[in-house]
Amino acid sequence: GQQLNQSPQSMFIQEGEDVSMNCTSSSIFNTWLWYKQDPGEGPVLLIALYKAGELTSNGRLTAQFGITRKDSFLNISASIPSDVGIYFCAGQLTGTYKYIFGTGTRLKVLA
Amino acid sequence: NAGVTQTPKFQVLKTGQSMTLQCAQDMNHNSMYWYRQDPGMGLRLIYYSASEGTTDKGEVPNGYNVSRLNKREFSLRLESAAPSQTSVYFCASISGGTDTQYFGPGTRLTVL
């Protein structure tokens with residue numbers, strides 16, 4: 001099946017540091033979504049990207065839709081303890097209603 | 001506006017039992033989805049319904065059936081549960097204008 005490579009798998013950072021994670025694929029997507037999932041909850045949408053090259057911010061979060069349409073990154077600036085959780089990327093396959101998810105980046109913030 | 005709701009929140013089944021997971025959305029979305037989430041595997045698409053009256057298989061449809069009862073409701077049925085179906089199941093729907101997907105809170109299923 002389709003694969004989305006998400007990295008890093010996990011990371012420990014100090015409070016106040018910036019964080020960067022990315023997703024790459026062999027397939028072309030026409031939408032990229034970034035989600036955060038807290039334990040015992042469903043994924044919550046953080047940022048949605050709809051055009052190649054698009055750079056979008058949501059507070060301390062910034063995400064970009066890669067020019068090749070096969071990758072995306074998410075940056076979190078000045079991390080705080082409540083940023084702890086699992087972050088997922090998801091791409092919508094071109095011409096379909098299907099979304100493919102990355103395996104997640106588990107973020108832990110050390111106060 | 002409750003968004004996407006799922007019932008039940010938790011369920012324990014014995015091997016061979018059947019059950020239906022319910023999902024409803026009140027956002028007037030056309031497309032609805034069922035995913036399963038296993039540790040370290042991310043979310044995998046089981047079935048989806050692009051619009052009322054249509055359903056299609058995703059990555060891992062074996063052992064499941066779905067029904068798009070109306071525009072609001074999309075149910076997932078396990079006819080004969082197996083331990084390999086122990087997972088967390090999420091329902092989602094799409095906002096047609098932006099193709100943005102919203103998730104329910106999940107159903108945690110254990111098959112013994």
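As the structure is a computational prediction, the values presented were derived from the model and not from experiment. Every chain is numbered from 1, with letters handed out A, B, ... down the list of sequences.
- For the side-chain hydrogen bond (donor to acceptor under 3.5 Å, both in side chains) test, residues two or more places apart in sequence or in another chain that qualify with Tyr89(B) are Tyr64(B).
- No chain of hydrophobic side-chain contacts below 4.5 Å, direct or via other Ile, Leu, Val, Met, Phe, Trp or Tyr residues, connects Ile46(B) to Val88(B).
- Across all their heavy atoms, Gly42(B) and Phe88(A) have their closest contact at CA-CE2, 3.8 Å.
- Nearest heavy-atom pair across Leu33(A) and Gln101(B) is CD1-N, 3.9 Å.
- Each of Leu21(B) and Tyr48(B) belongs to its own hydrophobic cluster when Ile, Leu, Val, Met, Phe, Trp and Tyr are linked at side-chain heavy-atom distances under 4.5 angstrom.
- Looking at Leu45(B), only its side chain comes within 4.5 Å of chain A, counting heavy atoms on both sides.
- Residue Phe101(A) holds its CZ atom at 4.5 Å from OH of Tyr35(B), rounded to the nearest 0.5 Å.
- Cluster membership for Phe29(A) and Trp34(A), using ILVMFWY side-chain heavy atoms within less than 4.5 angstrom, is shared.
- Heavy atoms of Gln37(A) lying under 4.5 Å from chain B belong exclusively to its side chain.
- By the salt bridge (Lys or Arg N to Asp or Glu O under 4.0 Å) test, Arg44(B) is found to be paired with Asp38(B), residues two or more places apart in sequence or in another chain being considered.
- Phe74(B) and Tyr99(A) are not part of a single hydrophobic cluster, where members link through side-chain heavy atoms under 4.5 Å apart.
- Taken from OH in Tyr97(A) to CG in Asp56(B), the straight-line distance is 10.5 Å, to the nearest 0.5 Å.
- Interatomic distance, Phe103(B) CZ to Glu41(A) CD, rounded to the nearest 0.5 Å: 13.5 Å.
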